[in-house]
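A short write-up of the structure that comes next.
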Amino acid sequence: MTDNPLPRPLALLAEVTYRCPLQCPYCSNPLELNKYRDELDTETWTRVFNEAADLGVVQLHLSGGEPLVRRDILDLVRAAAGAGLYSNMSTGATVVDGKRLEELREAGLDHFQVSVLDTLPESNDRLAGTPSFDKKREAVLGAKRLGFPVTLNVVLHRQNLDRIGEVMALAQEWRVDRLELAHTQYTGWAFKNRAALMPTREQLDRAHAEVERVRAAGTDGLDIQHVLPDYYFERYPKACLQGWGMVSMSVAPDGYVLPCQTAREIPGLEFPNVRDHSLEEIWERAPIFQRFRGTDWMPEPCRSCDRREIDFGGCRCQAFLMTGDVTATDPICELSPHHHLVAEALKEAQQGDPPLVYRVMPRDAGAA
Amino acid sequence: MAQPITTPVLAPGTRYRWDKVRSQHQLVFPEGMIVLNEPGRAIVQLCDGRTTDELIAALKEQFPGAEPDDDVHEFLGHLAQRGLVREGAPRD
Ligand SMILES: C[S@@+](CC[C@H](N)C(=O)[O-])C[C@H]1O[C@@H](n2cnc3c(N)ncnc32)[C@H](O)[C@@H]1O
Ligand code: SF4
Ligand code: SF4
């Protein structure tokens, strides 16, 4: 593996801002949001998109935070199209009207991914911390009217999982093209709220059966993506990122470049910035990209394991958050000496509902 | 079994792209891409509202001597199964 030539990245996640009108408790964004207020300007993002295309990136994901709060969002979409990138926008879709949708279409946005928190408006609004269901609905219907390809993304957890049938019905009613049933990944705010979000095994079994039932009945063109969470269903971890520094990279609002958007929370790692280096230099030479690339960094049991080039030892962020050691084998793995931590986390699901901690970003510190 | 497509069009969000870095024809869609060979590129670029028969005729002009009928049906069927190509003819 380490002898092979370095592959070129296929995807770039551009987190253009962490500002957001919603407060989702499952948000994967970092906790200390105020640290990321020094946002890159239009010119720098444009350079980054061009460098990404030259480096071989095919797909650009404009995300955040809420990308649509950037005043220059149309310029950013134009810059992506100008660089020849396939552009997707992941959005909460609460700050967009018909006119803006049309402008985005004209600017060359290829795909729109909208998140909804629940099928019941009251529950969506309670989880988001802000009335938002009606706006999301309007945005999805408006985008479909314009012929935008739309993916609906619903993050699943204990508090909405029992309505997975209604979620699929909603996606069909709104005539979206794809539905992403995304089980919560426990990083950022979600890790903080894990005890309130972790579903029970019984809930997951019912949800899985419901998805299979709907699929078998036919979905009339709706593509349903559903991957069961690794906590309950896997003996081995997933191939996080398809390998660290192998396929994708992520640029934070303030220009720091990460192999994965949550890696910033791991203390002791140093990240390069696009203000100081080109993306190519960073991809090829930055120590952080080399750090967990390939298999040389691995401790036992991964080092001598047959699966080391299949799952690459799992997720570095999950390993760190659960064990405190970023080089540890992902505890999801049944061979991990920390595997008992998974069972302990699952017990949290049985212990009643602690209050949700909402994602907050102090407002005073002046936004761009 | 699905009906053969009579008027193939690319699904919303799916588009052809020339990758200048890798010198590759690609069909890109929201969650990924596939690499196309030369005939694949030609077929994908002809999914523009014309019928499958017209597409095959145009392909024969581009690749004189080829008998692509079966390959075209198979390729379009494969793309349709992956949700990348749809029936563009109005349903009645
Ligand atoms: C961080 S959000 C940013 C874009 C926009 N604010 C939104 O929420 O749609 C990017 C995508 O990740 C999803 N997401 C957020 N937190 C997640 C988590 N802990 N696990 C899995 N998906 C998550 C969101 O639903 C959204 O589709
Ligand atoms: S997940 Fe929710 S809080 Fe986080 S960025 Fe998206 S909309 Fe905002
Ligand atoms: S020991 Fe490491 S490489 Fe082997 S399955 Fe577990 S995480 Fe993967």
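Protein chains get the first letters and strands the later ones, always in sequence-line order, with residue 1 at the start of each. Note that the structure is predicted; figures quoted are calculated from it, not measured.
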(request) Count the heavy atoms belonging to other residues, nucleotides or ligands that lie under 6.0 Å from CD of A:Gln290, then report whether that count exceeds 12. (result)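 Yes, because the 6.0 Å sphere around CD of A:Gln290 holds more than 12 heavy atoms from other groups.
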(request) Answer yes or no: does atom CD of A:Gln242 have more than 12 heavy-atom neighbours from other residues, nucleotides or ligands under 6.0 Å? (result)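 Not more than 12 within 6.0 Å, no.
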(request) Heavy-atom distances under 4.5 Å only: say whether A:Val247 touches chain B with side chain, backbone, both or neither. (result)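 Neither part, no heavy atoms under 4.5 Å.
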(message) Can you tell me which portion of A:Asp110 sits under 4.5 Å from chain B's heavy atoms? Options are side chain, backbone, both or neither.
(response)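 Both backbone and side chain of A:Asp110 come within 4.5 Å of chain B.
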(message) Please rank A:Asn88, A:Leu55, A:Leu10, A:Asp223 by heavy-atom pairs under 4.5 Å with chain B and give me the top one.
(response)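 Counting heavy-atom pairs under 4.5 Å, the top option is A:Leu10.
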(message) For B:Pro12 versus A:Gly147, what's the shortest heavy-atom pair and its separation?
(response)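 Result for this residue pair: CB-O, 4.5 Å.
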Show every donor-acceptor pair shorter than 3.5 Å between a side-chain atom in residues 24-44 of chain B and any protein atom, with sequence neighbours excluded, or say none if there are none.
unit_1: B:Gln24; atom_1: OE1; unit_2: B:Gln26; atom_2: NE2; d: 3.1
unit_1: B:His25; atom_1: ND1; unit_2: B:Tyr16; atom_2: OH; d: 2.7
unit_1: B:His25; atom_1: NE2; unit_2: B:Glu38; atom_2: OE1; d: 3.1
unit_1: B:Gln26; atom_1: OE1; unit_2: B:Arg17; atom_2: NH1; d: 3.0
unit_1: B:Gln26; atom_1: NE2; unit_2: B:Asp19; atom_2: OD2; d: 2.8
unit_1: B:Asn37; atom_1: OD1; unit_2: B:Gly40; atom_2: N; d: 2.8
unit_1: B:Glu38; atom_1: OE2; unit_2: B:Arg41; atom_2: NE; d: 3.0
unit_1: B:Glu38; atom_1: OE2; unit_2: B:Arg41; atom_2: NH2; d: 2.7
unit_1: B:Arg41; atom_1: NH1; unit_2: B:Gln45; atom_2: OE1; d: 2.7

Side-chain donor-acceptor pairs under 3.5 Å in residues 167-181 of chain A, sequence neighbours left out?
unit_1: A:Gln172; atom_1: NE2; unit_2: A:Thr219; atom_2: O; d: 3.1
unit_1: A:Asp177; atom_1: OD1; unit_2: A:Lys144; atom_2: NZ; d: 3.3
unit_1: A:Asp177; atom_1: OD2; unit_2: A:Lys144; atom_2: NZ; d: 2.7
unit_1: A:Asp177; atom_1: OD2; unit_2: A:Val150; atom_2: N; d: 2.8
unit_1: A:Arg178; atom_1: NH1; unit_2: A:Thr151; atom_2: OG1; d: 2.5
unit_1: A:Glu180; atom_1: OE1; unit_2: A:Asn153; atom_2: ND2; d: 2.9

